[in-house]
Amino acid sequence: MDLLALADFNLVARHGGFGKASRAAGRPKATLSRRVAELEASLDLRLFERGARVLKLTEEGRTLFERTGQLLTELDETVAAIASGGHTPRGSLRISAPLLFSQTAMGRLAAGFALKYPEVRLEVTTEDRPVDMIEEAYDLVIRVNPEPDENLVGRVFLHDRLVVVASPDLTPPENGSAVPAVVRGSVHQGEAWDVTTPTGISRIAVNPILSLSSLIMVRDAVRMGVGAGRLPVSLVSHDLAAGTLVHWGDVEGPDIALWTLYPTRRLLSARVSAFLDFLREAFPHGTPDELAAYVGR
């Protein structure tokens with residue numbers, strides 16, 4: 001495939017027309033039109049629907065643009081880095097991060113990274129849903145206990161664990177009675193939390209009196225003494241140290257693991273490598289206490 005023709009196609013697709021692409025790149029409109037036509041002929045595909053006033057990508061054209069745009073950008077950046085004699089991170093870096101990590105740590109992390117690497121344009125979006133890194137043009141995603149994906153590689157950079165906490169004024173339940181509880185999402189009546197305590201494993205029956213959509217909201221409600229809550233220890237570390245909340249036990253089950261993930265088929269760019277190194281510096285041991293340092297009191 002002619003890479004120059006492919007680059008011209010991406011230029012036109014990005015700007016939404018031959019005229020706009022011509023003005024942006026300072027190249028003749030006729031040349032761009034000819035190069036795109038030659039690419040269509042070589043692929044035996046129509047990449048654009050050409051109307052009197054509108055130029056629209058066909059389904060095949062949109063797929064080609066989505067799949068090749070980032071690759072061409074990375075190729076340009078690699079050539080520029082080699083030509084400049086170094087590997088200074090530059091260009092755009094799109095990251096998707098989960099809600100709680102974004103609320104507690106990502107603002108400070110992003111600011112610190114921006115100060116250290118001013119030539120990188122960092123964009124962070126917050127969402128807990130699985131994202132398609134290729135289709136949605138993300139360079140890196142941060143996820144909690146992700147499902148295995150053969151198209152992605154990565155590593156754990158932080159560990160956390162769930163604990164049951166409550167106000168000192170709330171008495172732990174006895175004789176199997178249910179304790180008032182603040183939960184994230186929905187919990188059915190009759191549900192219980194299995195916890196590990198110094199005396200062994202016990203079961204806490206819960207009566208969900210508040211259902212909230214954010215763990216920050218759950219923590220704040222638990223602080224008010226409304227009920228017990230099941231929360232990451234990093235989020236309540238300051239409260240436990242101050243005695244404003246007490247620890248009823250560690251929740252049974254696997255620990256929380258935060259992963260950084262990126263596509264296996266994509267070259268690791270200097271900006272992604274720089275952000276991974278930055279996370280390693282911020283969380284050298286990957287412990288809940290290191291994350292707690294970012295949580296506001």
Side-chain angles (χ1 to χ4, degrees), residues 87-131 133 138-149 152-165 184 196 214-216 218-219 229-242 245 247 250-251 253-264 266 268-297:
H87 296 280
T88 302
R90 56 171 56 87
S92 63
L93 176 61
R94 294 194 74 228
I95 297 175
S96 170
L99 177 62
L100 183 61
F101 183 73
S102 296
Q103 290 175 325
T104 56
M106 202 63 194
R108 290 171 58 187
L109 287 169
F113 185 81
L115 291 171
K116 187 172 183 179
Y117 299 103
E119 294 187 57
V120 177
R121 298 184 305 277
L122 179 60
E123 177 189 346
V124 180
T125 62
T126 297
E127 47 205 341
D128 289 326
R129 68 175 179 87
V131 299
M133 292 193 63
Y138 284 109
D139 299 289
L140 186 74
V141 297
I142 297 172
R143 284 294 173 264
V144 178
N145 296 345
E147 294 291 333
D149 188 332
L152 300 177
V153 294
R155 69 175 189 90
V156 177
F157 72 97
L158 260 178
H159 290 276
D160 210 341
R161 71 180 190 278
L162 287 176
V163 293
V164 173
V165 295
R184 183 189 182 192
T196 301
S214 156
L215 289 175
I216 297 286
V218 172
R219 181 200 61 185
R230 187 168 56 174
L231 291 160
V233 69
S234 64
L235 194 59
V236 294
S237 178
H238 300 310
D239 298 274
L240 294 174
L245 292 178
H247 177 240
D250 292 352
V251 175
D255 282 354
I256 302 168
L258 274 78
W259 288 70
T260 50
L261 302 168
Y262 53 89
T264 56
R266 182 177 295 176
L268 196 60
S269 67
R271 60 188 181 277
V272 172
S273 294
F275 191 82
L276 293 175
D277 290 341
F278 190 78
L279 285 180
R280 277 191 286 267
E281 293 170 6
F283 309 108
H285 305 293
T287 63
D289 287 342
E290 291 174 342
L291 180 56
Y294 282 81
V295 178
R297 290 173 172 81

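Note that the numbering runs from 1 along the sequence shown for the chain.
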Can you tell me how far the [atom1] atom of [X] sits from the [atom2] atom of [Y], to the nearest 0.5 Å?
X	Y	atom1	atom2	answer
Ile216	Leu235	CD1	CG	4.5 Å
Phe157	Leu276	CZ	CG	9.5 Å
Leu140	Leu261	CG	CG	7.5 Å
Arg219	Thr104	CZ	OG1	9.0 Å
Ile142	Ser96	CD1	OG	8.5 Å
Leu100	Ser214	CG	OG	7.0 Å

Any non-hydrogen side-chain atom of [X] less than 4.5 Å from a side-chain atom of [Y]?
X	Y	result
Tyr138	Thr125	yes
Asp255	Asp160	no
Val131	Arg143	yes
Asp239	His247	no
Trp259	Leu152	no
Ile95	Val141	no
Leu162	Ile256	yes
Leu258	Phe101	yes

query = Taking it one step at a time, do Arg271 and Asp139 satisfy side chain to side chain contact (heavy atoms under 4.5 Å, CB included)?
reply = CA-CA 9 Å; Arg271 60 188 181 277; Asp139 299 289; 3.6 Å; yes
Which residues share a salt bridge (charged side-chain N to carboxylate O under 4.0 Å, His left out) with [X], sequence neighbours left out:
X	result
Arg161	Asp250
Glu290	none
Asp277	Arg280

query = Where the side chain of Arg155 meets the backbone of Thr260, is there a donor-acceptor pair that is under 3.5 Å apart?
reply =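 Checked: no pair found.
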task = Flag yes if more than 12 heavy atoms outside Glu281 fall under 6.0 Å of its CD atom; otherwise flag no.
result =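 Yes, the 6.0 Å shell around CD holds more than 12 heavy atoms from other groups.
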task = For Phe113, enumerate each residue passing the ring pair (Phe, Tyr, Trp, His ring centres under 6.0 Å) test, keeping only those at least two apart in sequence or located in another chain.
result = Tyr117, Phe275, Phe278
inquiry  = Just to verify, what does Arg184 make a side chain to side chain contact (heavy atoms under 4.5 Å, CB included) with, not counting sequence neighbours?
reply    =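 Here the qualifying residues are Asp128, Leu215, Val218.
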task = With sequence neighbours excluded, tell me which residues meet side chain to side chain contact (heavy atoms under 4.5 Å, CB included) with Ala110.
result = Leu122
inquiry  = Tell me the closest heavy-atom pair linking Ala293 and Arg108, and the distance in Å.
reply    = O-NH1, 3.4 Å
